[in-house]
Every structure is written in C-alpha cells, then in structure tokens.
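Whatever order the structure lists ligands and atoms in, that order sets their numbers, starting from 1.
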Amino acid sequence: MSLEARGAVVTGGGRGIGAAVARSLAEAGASVVVCARTEREIEVIADELSSAGKRAWAVPCDVTDPKSVRAMAEAALKRLESVDILVNSAGMAFSAPVHKMTLQDWNRLLAVNATGTFLCTQALLPGMVERKWGRVINIASVAAKSGAKYISGYAASKHAVLGFTRSVAEEVAASGITVNAVCPGYVDTEMTRESLERIVASTGLSYEEALAAILDTTPQKRLITPEEVAAAVVWLCGDSAGGVNGQPIVMDGGGLRA
Ligand code: NAD
C-alpha cells in the first residue's frame, strides 16, 4: 500500500492508537501532522518519524476548542499542502454509575470525543471535497455500537461519533471521500492502563486481577494492539477500500457480532 503524496492529520497522535496510526501512515509513505494537546508527546513522535526519514510535524491542538482547531488546520495545510486523510483519534474515557456522573463529566466526554471529531472534520473536509479525494477515519469504540454499565457517558459520546460518521459519509459519498469508524474493544494503551488503575482504586483488586477480569470479558482473552487498529486505518486509506463508506469496522476479537 502506498500513500506517497498523501497528507495526513492524526489527532491524539502523541500516544496510544494515534501514535501507532501516525507511524503506520508514515511507513506507508504519507506525510503526517501529529496533533494533541501535549506538545512534548507529539514532538517525540514527530522527531522519531523525521529521524527515520519520514515527513512529519507536531502541531499542538485542543480538539474541543474551535480556534485551536482552525489554527491546527491552517498549520497542517502549510506543512502538507493538502490534507487528504484525517484520523480522529483524540479521545478520553470515563466510567462511573450514571447517578455519580456530573454534568461536567458528561459535557467533557461529549466535547472531546464527539465535538472534537466534528470540529476537526468540519475544518479539513472542504479541501478534500475540492480535490475530490479524501479519507476521514474516526476511532470510535465497540461502545459506539453497544452499552455497558458505568460507561453511559462514554458510550453516548461514541454513539454520537458513529452517527456523525454514517451521516457525513452519505453527504460526501459522491465527492470521492469516505468516512468510516474503527471500533476497537480494549486496546493496549495508556487509556486502558488508566482505566485499570481506576478499577484498582475503586475495588481493591490488584492490577493483575483487574486486567484478568477485563480479559475474561474478551473472546480472545487479550487486548487488541494499537498496531492492529493502525493497520485497519491504513487499509481504509487505500484506493482498494474506496467502496467502504459509513462503516463501523469492529475490532474486538468477535465479542460484538451485529
Ligand atoms: P490515549 O489516552 O492513550 O491517547 C489519547 C490521545 O488523545 C492523547 O494523545 C491525548 O493527549 C489526546 N487528547 C485527549 N484530549 C484531547 C484534546 N482535547 N485535544 C487534543 N488531543 C487530546 O488513548 P487511546 O487508547 O490511544 O485512544 C485513542 C482513541 O481510541 C480514543 O478516541 C478512544 O476513545 C478510542 N478507543 C480506545 C480504546 C482503548 O481500549 N484504549 C478502545 C476503543 C476506542
């Protein structure tokens, strides 16, 4: 798969899934702008890629802030000339029983996961429409297609991402652009490690016991790797996946079969 001559923006690119996506897109030949709020994290990834001879830049951005997103889109255009690929991976997790979730928790989840995806897509889609080629890939979650106790806010925000994905996919279908979502189960990243630490703090289980309890709910008894998610993203970016549009690509080892 060659993505030579493609310019890509990856939000949440400083670590976890976003970092793996940035590496895989660069490996496939794309020029990559890596975004997140934490400047140090994105600089490490951009430096790593540049040192390996890839074209990569770090551009700080808070995806919940329209001004910051506009500035990021302008900076990305200057570096890349065209933004052909947008991967919305910036996100946050939060779990609590619904009666303990504050309005602030709820608003923050929707702002980062749903509004962030909307703002970045809105900022970068017009250029794709103009050039009649583009790929928007939203890193949603199996929680975009199912619910579970204690994740009502997170699941609501990811359902919003999937509804947005499906709708924009139809809007731009005739413009050479596809908009899809990758929906992983538990992935081996800092986000999952932080969730496990919260389980440890609230239940008294050891970290290993908490991990074993989570793995027990997965069909393959393992965490998905960030590289597996990145491989799906790279595939969706290729011309051979041009007919795949508005789809949630579920990657959870077979738990969700709908
Ligand atoms: P992570 O916590 O390791 O990384 C998240 C990234 O998003 C970080 O770089 C962080 O700085 C960035 N970010 C957070 N808020 C931001 C903001 N307001 N503006 C800009 N950047 C911001 O998480 P991850 O595991 O790599 O998750 C990436 C995406 O995949 C998220 O949307 C998450 O919901 C989703 N996901 C994760 C899992 C999992 O088990 N880890 C499973 C399914 C879906």
Query raised in the report: Are a donor atom and an acceptor atom from the side chains of Asn88 and Thr121 found within less than 3.5 Å of each other?
Result: yes

Query raised in the report: Any protein heavy atom lying closer than 4.0 Å to atom 10 (C) of ligand 1?
Result: no

Requested in this report: Check whether any side-chain heavy atom of Ser31 lies under 4.5 Å from a side-chain heavy atom of Trp57, and answer yes or no.
Outcome: yes

Query raised in the report: For ligand 1, which atoms, with element, lie under 4.0 Å from some heavy atom of Ser141?
Result: 43 (C), 44 (C)

Requested in this report: Consider only side-chain N and O atoms of Asn138 and Thr165, and report whether a donor and an acceptor are under 3.5 Å apart.
Outcome: yes

Query raised in the report: Does ligand 1 have any atom sitting under 4.0 Å from a heavy atom of Gly116?
Result: no

Query raised in the report: Salt bridge or not for Glu48 and Lys54, using N-O below 4.0 Å?
Result: no

Requested in this report: Considering heavy atoms of the protein only, find what lies nearest to atom 18 (N) of ligand 1 and give residue, atom and distance to 0.1 Å.
Outcome: Asp62 OD1, 2.9 Å

Query raised in the report: Taking only heavy atoms of Thr192, which atoms of ligand 1 are found under 4.0 Å from at least one of them?
Result: 39 (C), 40 (O), 41 (N)

Query raised in the report: Going by atom types only, do Glu228 and Thr225 share a side-chain donor-acceptor pair under 3.5 Å?
Result: yes

Report task. Examine the proximity of ligand 1 to Ile17 and report which part, side chain or backbone, both or neither, has a heavy atom under 4.0 Å away. Result -> both

Query - Numbered atoms and elements of ligand 1 in range of Ser89, under 4.0 angstrom, heavy atoms - result: 28 (C), 29 (C), 31 (C), 32 (O)

Query - Heavy-atom proximity to atom 19 (N) of ligand 1, best of Leu109, Val63, Asn138, Ile45 - result: Val63

Report task. Only heavy atoms count here, so choose which of Ile224, Ile139, Val182 is nearest to atom 30 (O) of ligand 1. Result -> Ile139

Report task. Any atoms of ligand 1 less than 4.0 Å from a non-hydrogen atom of Gly14? List them with their elements. Result -> 9 (O)

Query - Per atom 35 (C) of ligand 1, closest listed option by heavy atom (Cys120, Pro184, Ser195, Ala140) - result: Ala140

Query - Pairing of Glu81 and Arg6 as salt bridge, 4.0 angstrom limit - result: no

Query raised in the report: By number and element, which atoms of ligand 1 are closer than 4.0 Å to a non-hydrogen atom of Cys61?
Result: 19 (N), 20 (C)

Query raised in the report: Any idea which atoms of ligand 1 are less than 4.0 Å away from a heavy-atom of Tyr186?
Result: 40 (O)

Query - Candidate with minimal heavy-atom separation from atom 27 (O) of ligand 1, of Met191, Lys158, Glu39, Met92 - result: Met191

Query raised in the report: Counting both backbone and side chain atoms, is some N or O of Ala36 under 3.5 Å from an N or O of ligand 1?
Result: no

Query raised in the report: Are the charged groups of Arg193 and Asp188 less than 4.0 angstrom apart, N to O?
Result: yes

**Report entry** Side-chain heavy atoms of Met72 within contact of Val9, under 4.5 Å
**Finding:** yes

**Report entry** Point-to-point distance, once rounded to the nearest 0.5 Å, from CG of Leu109 to CZ of Phe94
**Finding:** 7.0 Å

Requested in this report: Report yes or no: does Thr11 have a heavy atom closer than 4.0 Å to ligand 1?
Outcome: no

Query raised in the report: Charged N to carboxylate O under 4.0 angstrom, Asp84 versus Arg135?
Result: no

Report task. Kindly confirm or rule out an N or O of Arg15 lying under 3.5 angstrom from an N or O of ligand 1. Result -> yes

Report task. Could you list which atoms of ligand 1 come closer than 4.0 Å to a heavy atom of Val112? Result -> 15 (N)

Query - Proximal atoms of ligand 1 relative to Gly91 (non-hydrogen, under 4.0 Å) - result: 5 (C), 7 (O), 14 (C), 31 (C), 32 (O)

Query raised in the report: Just checking, is any N or O donor in the side chain of Asp47 or Ser50 under 3.5 Å from an acceptor N or O on the other one?
Result: no

Query raised in the report: Taking atom types as modelled, is there a side-chain donor on Thr178 or Asn245 under 3.5 Å from an acceptor on the other?
Result: no

